[in-house]
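The structure appears right after this line, and notes come after that.
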2 protein chains.
Amino acid sequence: MAATLRDVARVSGFSVTTVSRALNGHSDVNEETRRRIVETARQLNYVPNRVAQQLVTRKANAVGLYSLDRESFLNQFIALMIGGMMDEATNHDFNLMLFSTQRLKTAQEAISQCRQRGLGGVVISGLRTDEPWLDELNQADFPIVLVDVPVQGPRATYVSVNNVLGARRAVDHLVSLGHRTIGMINGHSAAWVSHQRLMGYQEALRAHGLEIRDSYVYEGDFSKESGRRGAEHLLKANPEITALFAASDLMAVGAVEQLQAMGFSVPDHVSVVGFDDQDFAIHVSPQLTTIRQDMYTFGRLAVRELITMINDTAYIPKHVDLPCVLVQRGSTGPVRTMGRC
Amino acid sequence: MAATLRDVARVSGFSVTTVSRALNGHSDVNEETRRRIVETARQLNYVPNRVAQQLVTRKANAVGLYSLDRESFLNQFIALMIGGMMDEATNHDFNLMLFSTQRLKTAQEAISQCRQRGLGGVVISGLRTDEPWLDELNQADFPIVLVDVPVQGPRATYVSVNNVLGARRAVDHLVSLGHRTIGMINGHSAAWVSHQRLMGYQEALRAHGLEIRDSYVYEGDFSKESGRRGAEHLLKANPEITALFAASDLMAVGAVEQLQAMGFSVPDHVSVVGFDDQDFAIHVSPQLTTIRQDMYTFGRLAVRELITMINDTAYIPKHVDLPCVLVQRGSTGPVRTMGRC
DNA sequence: TCCATCATCCGAAACGTTTCGGATCCCAAC
DNA sequence: GTTGGGATCCGAAACGTTTCGGATGATGGA
């Protein structure tokens with residue numbers, strides 16, 4: 001069907017070897033013959049068979065991506081991240097092959113699937129920290145980049161937003177508005193980011209000389225409903241709270257709705273800041289003050305690190321830690337010094 | 001490095017041929033020898049090299065996916081759709097290879113890229129109807145499934161939500177609530193879905209014996225801002241309008257915001273129904289009545305059609321047209337017979 | 001004249017599979 | 001005893017590349 005290297009050789013009158021070397025820009029081929037070979041290749045509409053190339057060079061110019069489940073709450077983020085990965089990969093003339101995390105039983109299985117396909121490396125997203133086989137990963141001999149799950153080895157690393165910093169910025173913002181009693185609605189503890197965000201929250205409180213109370217922290221699960229419950233529980237148990245920091249926009253929106261249902265005005269009575277800056281943050285009322293993660297850049301950096309690893313066997317991968325910024329909108333405001341209601 | 005078929009042959013004492021046939025479940029191999037071969041394969045940790053397999057069988061068990069740009073307004077949909085594609089592909093033991101639509105110049109280029117990789121077919125999403133090379137696609141000799149762009153050929157088809165039906169359902173719903181003067185905020189005309197939704201809107205009006213007026217239709221561009229402008233323009237020009245149908249949730253949200261800013265209550269004064277059922281539809285106030293498209297199923301069906309085409313050369317691909325349903329929420333209500341305000 | 005060097009080209013092996021076309025052996029039927 | 005046929009196995013070619021290790025001929029210097 002499609003023209004092969006042999007066809008080009010036959011038509012142009014040179015050997016397969018010479019045609020290959022001509023087309024690949026090697027130096028030991030006369031400029032005139034190269035010209036003729038390139039010409040007949042064009043005429044025959046020749047395109048190299050990458051599968052055959054891959055078999056002999058053992059380079060796929062492609063990486064794997066495990067993703068797209070266990071993270072419904074981040075759906076739109078995934079799209080942005082994949083977009084960034086795609087662009088970075090395309091810049092390096094790489095392609096992306098998608099796998100489902102669904103049926104994944106062990107880390108070895110993921111690596112093995114990629115090896116079968118001849119892929120150079122893999123980025124895995126959507127893992128939980130309590131995954132039993134996480135430890136295998138850091139000593140794997142196959143380039144791996146994890147997303148939002150800490151791991152470090154000679155051929156493995158991870159990318160993440162600086163969650164500690166993000167949480168600190170959220171609290172800093174609230175403190176700068178005069179808030180002194182700040183509650184937190186956290187995500188579930190199986191997510192690494194939950195620990196980090198709690199840490200940032202506590203660091204910030206400490207830095208401002210504020211007291212850290214366990215009763216000010218509610219453990220949710222990133223869902224809107226848990227944000228609702230968190231707000232209700234925190235404000236009933238601690239009526240002095242004037243601001244809430246939620247570890248996700250979804251929970252923040254739930255909290256706002258619950259507060260409004262309880263008769264509080266946001267931000268007049270209680271300020272709320274979220275985390276993520278998802279689409280809907282600007283569609284709710286009031287618009288959500290939140291911490292923005294740049295998932296596009298995130299994806300780019302993940303793939304960049306991976307490709308660097310692939311191209312340079314000696315390269316020791318570094319942890320990529322992305323800054324995030326506060327986006328100030330309508331859900332936060334100065335504390336009411338007169339007390340509430 | 002990794003064990004090869006030859007290794008298994010050497011260790012087990014059989015020929016490469018027999019090992020291959022044993023492992024692939026062919027009938028002309030003794031059960032006892034098969035057992036021994038499988039055993040040594042397990043011991044050697046043998047996994048078949050799919051690249052080599054692919055080279056000889058010319059089956060990649062993988063399809064391409066062009067996507068992930070030109071459709072920022074549908075970001076989260078893409079994630080759901082890819083999720084569906086992944087699952088369907090995985091069920092057939094297929095993989096998905098991602099490409100960027102960004103640098104795509106011609107249809108031939110897409111097909112050629114996939115061919116190089118040995119892929120069996122491709123699904124392309126995010127095209128515009130005014131793409132100059134759309135016509136090439138329907139007579140391609142390479143299995144193609146388009147998303148939301150009509151094309152039909154021996155090896156090409158498209159999947160789409162039944163936009164006409166969806167729009168009709170939206171209008172039916174409004175009419176059943178007593179509305180008789182219904183405006184529409186449409187998307188830009190470069191999108192095929194815009195034409196379809198307008199058609200459905202008009203069909204429904206006709207079916208209910210209502211007048212079709214051009215002045216009741218505003219052409220937006222799917223953005224929130226254009227929804228805002230649409231609502232303002234339509235209600236200023238036609239104060240008798242009591243309901244709006246927007247061709248996207250984003251425009252619907254914009255319309256609601258604008259209406260509220262103009263002093264109208266939604267749904268007491270004006271009802272609004274959207275299209276898509278995006279995440280944020282339940283986070284806005286009032287929650288959005290809208291037409292839900294099931295993008296997950298959408299992705300599954302796209303890939304199913306493609307794989308059927310790949311596996312059966314004689315199969316004539318069918319247009320897949322997904323039903324969509326009305327989700328009734330707070331943004332629509334009975335018309336106020338007493339007039340507005 | 002001879003030898004070294006250089007530019008240019010090519011044959012053949014290799015990558016790891018699948019599969020075509022036998023080969024071998026054994027047993028039953030004639 | 002011959003034949004036929006089934007069960008079981010294997011050698012070798014093929015898929016479309018890349019690349020190692022030369023081969024060839026021309027050129028220039030000694």
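Worth saying up front: this structure is predicted, and the values here are computed from it rather than measured. Naming: A, B, ... by sequence-line order, numbering from 1 per chain. The analysis underlying the following values was restricted to heavy atoms, covering all of them including side chains, and did not include hydrogens, waters or symmetry mates.
Of the two residues contacting DNA chain D, namely B:Leu55 and B:Phe14, the nearest-nucleotide position lying further toward the 5' end is that of B:Phe14. Mapping B:Pro48 and B:Asp28 onto DNA chain C by nearest heavy atom places B:Pro48 closer to the 5' end of the strand.
Here B:Thr57 does not reach the OP1 or OP2 of C:dT18: none of its side-chain N or O atoms lies under 4.0 Å away. Contact between the side-chain N/O atoms of B:Asn24 and the OP1/OP2 oxygens of C:dT18 is found at a separation under 4.0 Å. Using a 4.0 Å cut-off, no side-chain N or O of B:Thr17 falls inside it from OP1 or OP2 of D:dA12. The shortest distance between the side-chain N/O atoms of A:Arg58 and the OP1/OP2 oxygens of C:dG16 is below 4.0 Å. The shortest distance between the side-chain N/O atoms of A:Thr4 and the OP1/OP2 oxygens of D:dG16 is not below 4.0 Å. One finds no side-chain N or O of A:Ser15 lying less than 4.0 angstrom from the OP1 or OP2 phosphate oxygen of C:dG11. Between A:Ser20 and D:dT18, a side-chain N or O to OP1/OP2 separation shorter than 4.0 Å is present. OP1 and OP2 of C:dT8 both lie 4.0 Å or more from every side-chain N or O belonging to A:Arg34.
Nucleotide C:dG16 holds its C1' atom 14 Å from the CZ atom of B:Arg10, rounded to whole Å. For the pair B:His26 NE2 and C:dT18 C1', the interatomic distance rounds to 8 Å; values are reported in whole Å. One interatomic measurement links the two molecules: CG of A:Leu5 to C1' of C:dG11, which rounds to 15 Å at whole-angstrom precision. Here the C1' atom of nucleotide C:dT18 and the CZ atom of B:Arg50 are 15 Å apart, to the nearest Å. The CD1 atom of B:Ile37 sits 14 Å away from the P atom of C:dT17 (whole-angstrom rounding). Note: CZ (B:Arg36) to P (D:dT8) measures 14 Å, nearest angstrom. For the pair A:Asp7 CG and D:dT17 C1', the interatomic distance rounds to 13 Å; values are reported in whole Å. A:Arg21 places its CZ atom 12 Å from the C1' atom of D:dG22, with the value rounded to the nearest Å.
Using a cutoff of 4.0 Å between basic side-chain nitrogens and carboxylate oxygens, B:Glu39 and B:Arg36 are not scored as salt-bridged. Salt-bridge formation is not detected for the pair A:Asp294/A:Arg300: no Lys NZ or Arg NE/NH1/NH2 atom is positioned less than 4.0 Å from an Asp or Glu carboxylate oxygen. The residues A:Asp28 and A:Arg21 are annotated as salt-bridged, a charged nitrogen and a carboxylate oxygen being separated by less than 4.0 angstrom.
In this structure, B:Ser27 reaches neither bases nor backbone, as no heavy-atom distance under 4.0 Å exists between it and the strands shown. Residue contacts shown for A:Val29 are limited to sugar-phosphate atoms, with no base heavy atom under 4.0 Å away. Residue B:Val16 is in base contact, counting any heavy-atom pair closer than 4.0 Å across all strands shown. Residue-level contact check: A:Asn30 touches the backbone only, with heavy atoms under 4.0 Å from sugar-phosphate atoms and none from bases.
For D:dC15, the base has no donor-acceptor partner in the side chain of A:Asn49 [N/O atoms by modelled type, under 3.5 angstrom].
Contact annotation: the side chain of A:Val63 approaches that of A:Phe94 to within less than 4.5 Å [non-hydrogen atoms, C-beta and beyond]. The closest side-chain heavy-atom distance from A:Cys114 to A:Phe142 is below 4.5 Å.
For the residue pair A:Thr18/A:Ser15, the side-chain donor-acceptor check at 3.5 Å is satisfied.
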